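My questions will all concern the structure given below.
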Amino acid sequence: MSQKINPNEPSSTTTGTNTSSADTGTSSATSTGLSTTGGGASSGAGTATATATGLASQAQQYKQKVTDAAVQAKEFVTDKASVVGEKFQDLRAKDLGQVAEEAKEYARQKPGQALLISAAAGFVIGLLLRGSKRR
C-alpha cells in the first residue's frame, strides 16, 4: 500500500474503510482497525523497522555462513593433522637407513619431483634460518 503524502494536507492511514473530503483537507476514518493521523512519521518508523529487520536477517545469514565455514575448516585441519600424525608415527617406526633408501628409490623413479621437493624444502629452510637471524 503505497501512498503519496502531501505535507500541506493531513493524512490518514487505516486498515479499514477511509472516507476523505477533498475540498476541506480533512479526512475521517470509519474503521474498526488502526488509525494513524500525521505527516508521515509512522511511515518513516516503519521503514526504519523494516530496514533493521532486513539487516538483522542478513547478519544472521552471514553468521550462519561463517559458522559453516569455520566447521568445515576445523574438519579439514583435523583430517590433515591426523594424516600428518600418522606419517610422523610411520617415520618414527622406521630406521634412518631405511628412510634414506626409500628417498633414493623415489629420486630414481621420479627425478623431477625429487628435485622440486628438495628445492622447495631448501627454500623454506633458508627462509626460516634467515628470519631467525633478523630477530
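Computation of the quantities below employed the complete heavy-atom set of this structure, encompassing side-chain atoms and omitting hydrogens, waters and symmetry-equivalent molecules. Since the structure is predicted, the reported quantities are computational estimates derived from the model, not experimental observations.
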| Is there a side chain to side chain contact (heavy atoms under 4.5 Å, CB included) between Arg92 and Phe88 once you walk through the steps? | CA-CA 6 Å; Arg92 285 179 121 187; Phe88 186 68; 3.6 Å; yes
| field | Nearest-0.5 Å distance, CG of residue Leu115 to NZ of residue Lys110 | value |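 Going from CG on Leu115 over to NZ on Lys110, the span is 15.0 Å.
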| request: Working to the nearest 0.5 Å, report the span between CD of Glu86 and CD of Gln89. | output: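 Between Glu86 CD and Gln89 CD, I get 9.5 Å after rounding to 0.5 Å.
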| query | Do Glu105 and Gln109 meet the criterion of a side-chain donor-acceptor pair at a distance under 3.5 Å? | reply |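 Yes, because at least one side-chain N or O of Glu105 sits under 3.5 Å from a partner of the opposite role on Gln109.
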| said: For a quick check under 3.5 Å, do Asp68 and Gln64 share a side-chain donor-acceptor pair by atom type? | reply: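 Result is yes, a qualifying pair exists.
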| request: Could you tell me whether the side chain of Tyr106 reaches within less than 4.5 Å of the side chain of Glu102, counting heavy atoms only? | output: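 A side-chain contact under 4.5 Å is absent here.
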| message | What's the separation between atom CZ in Phe123 and atom CG in Leu116, rounded to the nearest 0.5 Å? | response |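 Phe123 atom CZ to Leu116 atom CG measures 13.5 Å (nearest 0.5 Å).
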| Separation between CD of Gln58 and OG1 of Thr53, rounded to the nearest 0.5 Å |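 Spacing of CD (Gln58) from OG1 (Thr53) equals 12.5 Å.
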| query | Considering residues, nucleotides and ligands other than Leu96, do more than 12 of their heavy atoms fall under 6.0 Å from its CG? | reply |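 Result for CG/Leu96: open.
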| said: Quick check against the 3.5 Å criterion: does Ser118 have a side-chain atom that pairs as donor or acceptor with the backbone of Ala114? | reply: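 Yes.
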